[in-house]
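Working notes for the structure below.
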Number of protein chains: 2
Amino acid sequence: MSTTIKEVANRARVSTATVSRVLNNSGPVDDDTRRLVREAARELRYVPNAIGRSLSTRKSDAIGLLLPDLYGEFFSEVIRGADQYAQQNKYHLLVSSSHNNRNEIEDALQMMRGRVDGLIVMSPHIEADTLDENLPRSMPVVLMNCFIENDSFDSLNIDNYSGAYQMVMHLVEHGHKRIAMIKGPERNYDARERWRGYNDAIREGHALAIPSLEMKGNFSEASGYDAVRTLLNQNTKPTAIFAANDSMAIGALSALRDSGIRVPEEIALAGFDDIPIAHYLTPSLTSVHIDISKLGGMAIEKLIHSIRLKNEHKKERVLLPTSVVIRESCGNH
Amino acid sequence: MSTTIKEVANRARVSTATVSRVLNNSGPVDDDTRRLVREAARELRYVPNAIGRSLSTRKSDAIGLLLPDLYGEFFSEVIRGADQYAQQNKYHLLVSSSHNNRNEIEDALQMMRGRVDGLIVMSPHIEADTLDENLPRSMPVVLMNCFIENDSFDSLNIDNYSGAYQMVMHLVEHGHKRIAMIKGPERNYDARERWRGYNDAIREGHALAIPSLEMKGNFSEASGYDAVRTLLNQNTKPTAIFAANDSMAIGALSALRDSGIRVPEEIALAGFDDIPIAHYLTPSLTSVHIDISKLGGMAIEKLIHSIRLKNEHKKERVLLPTSVVIRESCGNH
DNA sequence: AGATTATGTGTAAACGTTTACATTTCTAAC
DNA sequence: GTTAGAAATGTAAACGTTTACACATAATCT
């Protein structure tokens, strides 16, 4: 179908080796020959076949990105940051989503095998064992937001704990004693860490640790709404609510509004993630900011580093700092 | 580094052909041999190399997605829709962004050559000629939001014209005579179409066509802000503003607020795209809705169709319908 | 001039699969 | 006990590159 190096070689009356040398500037070639080859290639509209090349050189200049799914701001920002950094370093991105069960991970991994020089895996759902036994040892891997004790991989995590801790401490410092939390999915690593931060801040800040103020949630807007509805039907009412992500905070805001409760006057509210919408809400939402695209970029950076150094590269864990962004919803703007 | 089919063959004491047959269920194999091979593969943790396979079968089960950049809601939704449909059909996605100039397009195309069975190209910036001469004829291509007269490609466009037309007509029908428009980038195809819809609606609805109410913009929030600031300094003030996208509408809303103008009471406002934020603004933003993920999905659908039928596939152009979503900002909620 | 080195080019193997074809072995019908 | 056919397996070429090696030829140094 499309032109091969052989056809170019024939037309230029040289060997394929010479054509390759001309096109890659590898090895010496006579100026006349060079011109001849260039012309032949142009005339035939020759474009080297990346696959043939890959097979031969055993590298692909591509990086695989395995994500749990592609919903929402978070993932698009990861992709953007990753792609930007990758592109600067002449790498391309092979994106694969929704590997939430064992089979799909294996599928995705199989598809990647040979096609990429390294892998970035994001898998916040706790399934460390499966992950560990499926990940290829033959190529560099960087783990993002994964819960894995194993020290045999590079890993990159958001500092969820400290973000949540600081946020809740901020509320405590402004006099809140009864601070509710709307938690994320139980088996989600990020969610757990945020919960841990909340707990420690409550204790260390000498606020009240009231179990009935810890609501279940699943990161969805609806679950935030429901949590607040339940919360308001209880005897012990909070003076502040900390949602484990912004989507749930948005749901919470709707529920509070529907119940005629003023935010922040009657109940203060804070979220996590600082998605763009946070800024546009009324009241604007206090949240924990994460530089998500940076997360993606750093993952690529680490991976490329590890690809280049291959063996003598030391695995490490990195925590990406978070920062509290104070807006109207917490009452201390 | 990683196990090859040959090593599996050796261990199972059969030929590579047999291993291949077992693993792909192609051709007859004795049950005992089959078991032997399976076991050897498992023990060696063998995973077929996708590249070797591709080279041999001349297909990759991958689709290339060329995007102008990866900013904002729009692209992430396209990717999501595309990935979802692709995954259902056992295809994977190779994403490449920011090919805004000729060289980058060529680069991206070169990277894709051989790696993908088909290509989806999105390039709203008007550069039809470059595109046309760089696109490979050897594989199926679907164009998204591209301005190209050429009938030799499948193409998929948002019905920008009709969306804008209906939106503006809605405003006209509710009594607005002086309707301003904040336009998008001049050389952007989508932006042009939206402008065309605005114009026709103004004329056919017998509203006033006032050149000074047509403001320049570049799809950014800041440009929306600036446009309104300029608009308010003019003699002829509009009773309604139609922004060519939601980002500019958001900027416009800020500017109106900063100028102490109530929306929609004094000036009505409408946007285009219906990004998620639109719903959360105060007042919530009337906008033209596009099912972006569907756009991505449909592109993949068309492409896969065209890959399967290859030659006897008839090229066609499809327009994705848009719909007006009435919210508070236009005053007719 | 002869020895050495540099330059230019070709040959062929290698990368990891699949698969057309060839070969062997088995099954069953006569 | 042939023989025809099917079933099981192996052989080797093909896919499109790159590159180690070999081999000329030309340039440079004693």
Side-chain angles (χ1 to χ4, degrees), chain A residues 1-38 40-41 44-62 110-117 136 138-139, chain B residues 1-38 40-41 44-62 110-117 136 138-139:
Chain A
M1 203 67 191
S2 57
T3 329
T4 74
I5 200 175
K6 226 177 246 173
E7 306 178 55
V8 178
N10 285 341
R11 176 170 260 254
R13 307 198 162 286
V14 296
S15 73
T16 61
T18 301
V19 176
S20 176
R21 278 190 280 256
V22 170
L23 267 29
N24 298 306
N25 281 317
S26 60
V29 180
D30 188 86
D31 281 351
D32 286 340
T33 322
R34 189 181 301 275
R35 219 173 305 119
L36 231 57
V37 170
R38 287 255 162 76
L44 295 174
R45 300 169 132 271
Y46 171 68
V47 180
N49 182 308
I51 280 232
R53 191 200 297 250
S54 273
L55 193 57
S56 183
T57 59
R58 336 189 74 230
K59 56 199 283 304
S60 62
D61 296 318
Q110 167 146 358
M111 139 73 50
M112 299 283 183
R113 169 56 65 63
R115 280 202 161 99
V116 299
D117 298 337
S138 52
M139 63 167 99
Chain B
M1 202 67 192
S2 59
T3 329
T4 74
I5 200 175
K6 226 177 246 174
E7 306 179 54
V8 178
N10 285 341
R11 175 170 260 255
R13 307 198 162 287
V14 296
S15 73
T16 61
T18 300
V19 177
S20 176
R21 278 190 281 256
V22 170
L23 267 28
N24 297 306
N25 282 317
S26 60
V29 180
D30 188 84
D31 282 350
D32 287 339
T33 322
R34 189 181 302 275
R35 219 172 307 118
L36 232 57
V37 170
R38 286 255 162 76
L44 296 174
R45 301 170 133 270
Y46 171 67
V47 180
N49 181 307
I51 279 231
R53 189 199 295 250
S54 273
L55 192 56
S56 183
T57 59
R58 336 194 72 233
K59 57 200 281 305
S60 62
D61 296 317
Q110 167 145 356
M111 140 74 48
M112 299 283 182
R113 169 56 64 64
R115 280 201 160 98
V116 299
D117 298 336
S138 53
M139 64 168 98

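Values reported hereafter were calculated over all heavy atoms of this structure, with side chains retained and with hydrogens, waters and symmetry mates removed.
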Looking only at side-chain N and O atoms, does Thr18(B) come under 4.0 Å of OP1 or OP2 in dG10(D)? yes

Integer-rounded Å distance: dA13(D) P and Arg58(B) CZ: 18 Å

Among dT19(C), dG16(C), dA12(C), which is the nearest nucleotide to the side chain of Ala17(A)? dA12(C)

Verify the contact: side-chain N or O of Thr16(B) to OP1 or OP2 of dG16(C), cut-off strictly under 4.0 Å; return yes or no. no

Taking the side chain of Val14(B) as its heavy atoms from C-beta onward, which of dA14(C), dT17(C), dG10(D) lies nearest to it? dG10(D)

Report yes if a side-chain nitrogen or oxygen of Asn49(B) is closer than 4.0 Å to either non-bridging phosphate oxygen (OP1 or OP2) of dC15(C); otherwise report no. no

Pro28(A) has a side chain; which of dG16(C), dT7(C), dC15(C) sits nearest to it? dT7(C)

Hey, is the main chain of Leu44(A) close enough, under 3.5 Å, to the side chain of Thr3(A) for a donor-acceptor pair? yes

Member of Val8(A), Val19(A), Asp30(A) meeting the side chain to side chain contact (heavy atoms under 4.5 Å, CB included) criterion with Val14(A): Val19(A)

Roughly how many Å is it from CG in Leu36(B) to P in dA8(D), rounded to a whole number? 15 Å

Comparing Thr4(B) and Asp30(A) on DNA chain C - which has the more 5′ nearest nucleotide: Asp30(A)

Is it the case that the side chain of Ser54(A) and the backbone of Ala50(A) share a donor-acceptor pair, with hydrogens and angles ignored and the cut-off at 3.5 Å? yes

Would you kindly give the CZ-to-P distance between Arg53(B) and dT19(C), to the nearest whole Å? 9 Å

Within less than 4.0 Å of OP1 or OP2 of dT9(D), is there a side-chain N or O belonging to Ser15(B)? no

Whether Arg115(A) side chain and Ser60(B) backbone form a donor-acceptor pair below 3.5 Å: yes

Need one value for Ser20(A): base, sugar-phosphate or nothing, where a base atom within 4.0 Å counts as base even if backbone is also close, heavy atoms only. base

Using whole Å, what does the distance between atom C1' of nucleotide dT18(D) and atom CZ of Arg21(A) come to? 10 Å

Rounded to whole angstrom units, what separation is found between the CG atom of Leu55(A) and the C1' atom of dT17(D)? 8 Å

Do any N or O atoms from the side chain of Arg34(B) and from the backbone of Val29(B) form a donor-acceptor pair under 3.5 angstrom? yes

Give Thr33(A) one of three labels, base, sugar-phosphate or nothing, depending on what nucleic acid heavy atoms sit under 4.0 Å from its own. sugar-phosphate

Whole angstrom is fine here: how far is it from CG in Asn25(B) over to P in dA8(D)? 13 Å

Figure out the NZ/P separation between Lys59(A) and dA14(C), and round it to whole Å. 22 Å

What integer distance in Å separates Glu7(B):CD from dT17(C):C1'? 14 Å

